[in-house]
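Structure first, commentary second.
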Number of protein chains: 2
Amino acid sequence: MDRSEFRRELAAQLRVDSIRASDAAGSGHPTSSMSAADLMAVLLDGRLRMDAQNPRHPGGDHLIFSKGHASPLYYACLKAMGAIDDEELLSFRKLGSRLEGHPTPVLPWTDVATGSLGQGLPIGVGLALAAARLEQSTATIFVLCGDSEMSEGSIWEAFDHAGHERLDNLVAIVDVNRLGQTGETMHGWKLDVYAERARAFGWEAIEVDGHDVGAIDDAYERALATSGRPAVVLARTVKGRGASEVEDQEGKHGKPLEDPAKAIEELGGERDLRAELARPLGDASPVSNDGRRDVPELPRWELGGEHVATRRAYGEALAALGRARADVVVLDGEVSNSTYSELFRDAHPERYFEMYIAEQQMVAAAVGMQRRGWRPFASTFAAFLTRAYDFVRMAAVSRANLALCGSHAGASIGEDGPSQMGLEDLAAFRAVHSSTVLYPCDANQTASLVERMAELDGIAYMRTHRGKTPVIYEPGEDFPVGGSRVVREGDDVTIVAAGVTLHEALAAAERLAEDGVEARVIDLYSLKPVDAATLRAAADETSGLVTVEDHWPEGGLGDAVLSALAETGAVAPVRKLAVRAMPGSGKPTELMHEAGIDADAIAAAAREFGLPRSQAATARTG
Amino acid sequence: MDRSEFRRELAAQLRVDSIRASDAAGSGHPTSSMSAADLMAVLLDGRLRMDAQNPRHPGGDHLIFSKGHASPLYYACLKAMGAIDDEELLSFRKLGSRLEGHPTPVLPWTDVATGSLGQGLPIGVGLALAAARLEQSTATIFVLCGDSEMSEGSIWEAFDHAGHERLDNLVAIVDVNRLGQTGETMHGWKLDVYAERARAFGWEAIEVDGHDVGAIDDAYERALATSGRPAVVLARTVKGRGASEVEDQEGKHGKPLEDPAKAIEELGGERDLRAELARPLGDASPVSNDGRRDVPELPRWELGGEHVATRRAYGEALAALGRARADVVVLDGEVSNSTYSELFRDAHPERYFEMYIAEQQMVAAAVGMQRRGWRPFASTFAAFLTRAYDFVRMAAVSRANLALCGSHAGASIGEDGPSQMGLEDLAAFRAVHSSTVLYPCDANQTASLVERMAELDGIAYMRTHRGKTPVIYEPGEDFPVGGSRVVREGDDVTIVAAGVTLHEALAAAERLAEDGVEARVIDLYSLKPVDAATLRAAADETSGLVTVEDHWPEGGLGDAVLSALAETGAVAPVRKLAVRAMPGSGKPTELMHEAGIDADAIAAAAREFGLPRSQAATARTG
C-alpha cells in the first residue's frame, strides 16, 4: 500500500486499539482518542524522531499528550512503535499496570504526568527551552493538546513564553474536536479564533483538516520548517471519528463504547501495523550538564556579624552551587531582586530563565527541564507559589526532582500586607507527595540546605524570610535533611520553632531563664521529614511543648510536631502558637506581636507549662 | 480652569499624594502609581459613577485596582473623591490603618483584595456577569491592570470569558509603563501586541497616550460606547512620570522617593482638589436577589435504600437550595455532569454559569458575584481546585463568602489515576483563613451540610466522593458545623473517619466486635471547625485513636484530630492511616486496600490499641 494508505490504516489501528483498551478497562476516553488518531498516525510515520528502545536519547523528540485523557491513543501509539505489546495494551487501567488512566512516567517513554489539563504545553516549553538554550539539541517537542484545555490560562502563558523565546523546536498540535466533557467548547470548530490568538502570541498557526493524512503531513512539514517562532497545527477533527455509535455526539465523553465490536468492524477490524519512527539525530551520549559536579564553596557568614536575610543567603548559595555544578538552572517569576535569585542570574546568565509573572509556566518549565537532566531551582514569593499548586501536585505525579523556594513568608514581612504573606505554604508543600520541606533560620543554615536540595529526589521546598536575622550557626556546619538542632538545653519546657520564630524563641528562653524556667529550644529546620526522636525526647523530658510558627495554625510546624508525637501518645501537652487572625500592614515586630508569635507570646505560653517538672505535675493534678 | 487643566491638576495631586503617602509609610509603590495618575484623574472627573457615601449602591460602578501595588494612587483617589481625609492618607501601611500595603475590603469602597497580580480582571468578570446577567444593572466595572500582570494566564482566562460573554459593561485599563519589578516586561511599550491579542479574544482595543488627558477621555468615551463586547484601554505611560528622580528608570520599583520634596516641587506642590464623581443610575435599593430565602425542601434518601454518591447528593441539594433561595448561583469548570452541579443548571439555568476549564476564572467570578450579594457555589474535581489555590487564598483576604465543592476526592476514584485524585484538598483548605471544611459520608448528611454552607461566612469547602456509599443517616437529621457523630459506641478503641472511610470504619468495627473488641466510630464530617470535646472524650475513654482518611497523611483529618487533642496532652496514642504511596490505577476497593485505608487496615491498626483498656494498659507497661 502507498504511504497515505498506510497512514490511514495505521490511524484505523490506533482507533481500534483505543476502543479495545477502553473496553478491556471498562472505562477511559476512546472518543477523545479517536479524534486525534490521524494526527498521531502521520506523526509516527516518519515525522517523530525517537528510539523506542532508548527513549532518553538526547537527540530524540518528545511527545507529550497534554490531553492526557487520550491515554488510549497514547498507549496505542506505544504499541504501534513497538514499545509495548498487545497484552500490555489490554492491561490499561488495571492494578499494577504501567498503563494508568492518564499517562505517568512509570512508562519510560512518558516524560511527565498529564491529566490535569493545560499543563503539557507549558511543560513542553520547558523541554524546548532546555533543548534549545542549554543543549543545542536538535530535538523537537511535540505536544498534543485538546481544544477544551485552550481555556486554561496556563496554555496562554505557554504561548506567551514560547513566542517570546522564539522556540521553533516546539510544535503544538491542537485536536479541535469541538466537544468537551459536558457540551460544546467555547469556540467550537472556529479554528480561525485559535489561529488569530496564536499569531497574536507570536506563533505560526496552521489550520488543517485533522482527518486528511496528506494535509496533516503537509502541516507538519510546514511546522517543522518554521524558523524563529513556534508553530501550532490547528486540526479540525470529529470526536469519536470512525464509529457511528459515538461520532460527533454529545454525552459520549469518557466512557467505553457500548458496542465495541460493531465499531471495530466499521473501522475494518484489528490490525498489527508497525510504525517506522525516524531515528534521532546525533549520538546517544548524555547531555553536557552531566559534567562538572564539584562540592560547592558555600558563602560563609561569621557568628555575631551582621544580620542576614535567609532569602539573601539562598541567592548567594545558589550562585555558589552554580559554580560547582554545571547542571543547576534557575528560574524566577520576575522577582529575582526579592528572592535574590538575581545573584545566580548575574553569575550564570546562560542558566537563568526569567519567567516573568507566570508562576504556573515557571514551575512547568522547571518540570520540563528536570526531565532532560537539569536541576532546576525556581523561586518567587511563597504567597505566589500557591498560583502553581496544581503544577506542583502534578510534578509529584511526574516523579520530578526539582527545588522550589518561597520567599517573603509570613506576617513578618510587615507593611506589604496579607496578599504578599505566604501563610499556607508549609501546609501546602507538606501535603505534596515526595516533598521535602526546609525552613532555615540563619544564613549558614540556608546555604547548607540549598546545597542539599540539589541532591534530593522529589519536590524540595525551602521557605525564606524577607527580614534580616542574626547568624547563630558557624559556617560549614552540617544540617541533614530530617534533622533538627537543640539550640538551647533545658528540662522545664520545650519551644519548637524555625525561621524567624526561632530567634523569638531564643529571646523568650532568655526571659524565662530570668524567672528560673529552663526552656529547651529546638530548631525544626526540616519539617518534612521531621526529627521525631528529638521531639519525643522533649515530650518525655519536659512539661510541655510550645510550637511557634509564622504561618496559619493548620498544616505547618505545629502539626508536623503533633504528627511526629502522635503514635507515642504524647506525654506532654502541646500548645500551638500561629497566626490566627488576618494580619494587616504594620512593622514586622508589630505584626508578629499582634499575631502572638513573638518572644512575649512564647514566654507567656511557656510559663504555663514551664514550671520545673515536679511542680508542674502538682499543678496539673492539684 | 478648564476641564483639561483641572484634570491635569488633579493628576498632579494624585501623584503628589502617592509620593507623600509612600514617604510617610517608608515603603510602597509610588512610581507604579504615578504612571496611572492621568488615567485615574480623567476617570474620577465625571466618568466613574459612584456615590462615595454609599459605595454599595447597586447602580454604582466598580473600580478595581488589579495592580494592587498601586495602592498609593488608589488611596489618593479615595481622598480626591472625599472618601478619606489627608490624615488617613498619611496613615498608609501603619498598624491599624485601613490603608493597607495593598487594598483590602476593610475599606468599604474596595470590592476585593488585590496584590496577587492577575486577579482583579477575572474578579471584574464576575462582577460584570452579576451586573449584566443577574441584575440588569447599568453599573460599569472598571479594572486598572498593570502591564506586568498581562503575563499571568488568569488575565487571558478573563479575556476569553469576557469576550465570549460579550460583557460590554467591563472596561479594562492597562497601564503600560514598560517596567516591571526587575526590568522591562516581555513586550515593553509594544501596545500593538496587547491590542492584537485583545482583539483576538473578542475585545475592543483602544490605544492611547496615557498622559494626554483629552485622549484618555476620548478613549473612555469610546470604551463606554462599545456595545456587544468588552473594551480595553491600552495606555502608553511612563513609570514614575513627573519626577525626574525616578521617571522611566529601572531599579525604582516598590520604594519611596529619595527626595520627595523635590519631586513634589516638580509636580507643582500639594493641592486639595475634589473630583466630582458622576451619580449612580437607578435607585439605591438592594438588588433583586435579596428577596426569597425560604427553608429548602431538601432531597431525602431512605435508610437501607440504594447507595448514593455524595457528589450526586450535592447536586440534588443544590437544586433544592436554588428553589428556596433566589440568591444562590452556581459555577462549574466544565465538569457539571461529574460534580452534579448540572442538576442546578437544569433547574435554574439563569443562575448557572459555565466557566469551562478555567478554575482560576471560576473562583474569581464567584468572588466577584458574592461582592454584589449573591451566594456562589463553585465546583470541580477536588484535584483541580488546586489550580485556583491562590485565588482561594486571596478570597479569604477579600473576606469573601463563598462555597466551593471538590468532587472525586481521593484514591477511591479508582481507574482514572492520581492526576484526578484530590489528595491534598483537606490540607489546602484547612490552611485557608476563615475556612470551613466539611466532608460528608452519606447523601442526607451532604444535603444538610449544603444547606448550611449557604449561611456560612468565609470560604466553605465541601469534599465529595465519586463512588456510591450507603445511606446511614435518616433524612432531615441535623449536622451542625463543628459537630461530629458517634455512629457506633465502644470503649476499647476509637476510629475517626469521614466520607468514604467512615464506611470502611464501620465495617472494621463489625470485624473487631467479632473478636470482642468494641470500637467507637466517630464521623468527623466537620474538619474545621472540629468537635474537640468528642475527640477528647474518646482519647480519655478508649485505648487509642485510629484516624483514617483518603488523603495524604499531612494536613487532613488525622492532623485535625491531633490538633484538637494537642493542648490536653493526649492520654491515648493516635495512629494515622492515610495514603502514603503514590497510587496508580485500579478498582476503588483495590486502591483503598493498597493504600491501607480500608476495613482490613483499620481493623489491624485498631487491634493494636483495641484490647479492653485494662488489658491494654498491662500490655503497654508489660
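In what follows, every chain begins at residue 1, and chains take the letters A, B, ... in the order their sequences are listed. Computed from a predicted structure; not experimentally measured.
- Separation of atoms CE (A:Met186) and CE (B:Met355) is listed at 7.5 Å; rounding is to 0.5 Å.
- Most heavy-atom pairs under 4.5 Å with chain B: of the set A:Arg580, A:Glu152, A:Glu359, this distinction falls to A:Glu152.
- Comparing A:Ser338, A:Gly556, A:Gly96, A:Gly414 by heavy-atom pairs within less than 4.5 Å of chain B, the highest count is held by A:Ser338.
- Contact of A:Lys528 with chain B is made through the side chain alone, with heavy-atom distances under 4.5 Å.
- With a threshold of 4.5 angstrom between heavy atoms, A:Arg393 approaches chain B through side-chain atoms but not through N, CA, C or O.
- Contacts of B:Ala195 with chain A are absent, with no heavy-atom separation under 4.5 Å from either backbone or side chain.
- Between B:Glu424 and A:Arg430, the closest side-chain pair of non-hydrogen atoms is not below 4.5 Å.
- Within the 4.5 Å cutoff, side-chain heavy atoms of A:Asn337 are placed close to those of B:Gln181.
- Contacts of A:Ala581 with chain B are made by backbone atoms alone, with heavy-atom separations under 4.5 Å and no side-chain atom involved.
- With a threshold of 4.5 angstrom between heavy atoms, A:Met394 approaches chain B through side-chain atoms but not through N, CA, C or O.
- If you tally non-hydrogen atom pairs under 4.5 Å between each of A:Ser148, A:Ser151, A:Gly417 and chain B, the highest count goes to A:Ser151.
- Using a 4.5 Å cut-off between heavy atoms, A:Ser71 makes no contact with chain B at all.
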Evaluate side-chain hydrogen bond (donor to acceptor under 3.5 Å, both in side chains) for A:Glu415 paired with B:Ser27, printing each intermediate quantity in order. CA-CA 7 Å; A:Glu415 289 82 357; B:Ser27 64; 4.9 Å; no
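- If you measure heavy-atom distances from A:Met421 to chain B, the contacts under 4.5 Å come from the backbone alone.
- Of the atoms belonging to A:Arg98, not a single heavy atom falls under 4.5 Å from chain B.
- In this structure, B:Arg197 satisfies the cation-pi test against A:Phe201, with its NZ or CZ atom closer than 6.0 Å to the six-membered ring centre and inside 45 degrees of the ring normal.
- Panel note: side chain B:His102, backbone A:Gln420; no donor-acceptor pair is recorded below 3.5 Å.
- When each of A:Val193, A:Leu117, A:Ile357, A:Asp332 is checked for heavy-atom pairs under 4.5 Å with chain B, A:Ile357 comes out on top.
- No part of A:Ala113 comes within reach of chain B, as not one of its non-hydrogen atoms sits under 4.5 angstrom from that chain.
- With rounding to the nearest 0.5 angstrom, the OG1 atom of A:Thr104 is 8.5 Å from the CE atom of B:Met582.
- Only the backbone of A:Glu184 comes within contact range of chain B, with heavy atoms under 4.5 Å apart.
- Looking at A:Glu342, neither its backbone nor its side chain comes within 4.5 Å of chain B, counting heavy atoms on both sides.
- Looking only at atom types and distance, the side chain of B:Ser585 has no donor-acceptor partner in the side chain of A:Lys94 under 3.5 Å away.
- With a 4.5 Å cut-off on side-chain heavy atoms, A:Thr182 and B:Glu354 count as touching.
- A 4.5 Å side-chain heavy-atom check between A:Ser116 and B:Phe384 finds at least one atom pair inside the cut-off.
- For a residue to count as touching a neighbouring chain, one of its non-hydrogen atoms must lie under 4.5 Å from one of that chain's; by this rule A:His69 does not touch chain B.
- Within the 4.5 angstrom heavy-atom criterion, no atom of A:Tyr194 approaches chain B.
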What's the verdict on salt bridge (Lys or Arg N to Asp or Glu O under 4.0 Å) for B:Arg199 and A:Glu196, showing C-alpha distance, side-chain angles and the deciding distance? CA-CA 9 Å; B:Arg199 288 180 192 121; A:Glu196 265 183 65; over 6 Å; no
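- Counting only heavy atoms from C-beta outward, the side chains of A:Arg93 and B:Asp416 approach each other to under 4.5 Å.
- The aromatic rings of B:His187 and A:His164 lie perpendicular to each other, with more than 60° between the two planes, well past the 30° mark.
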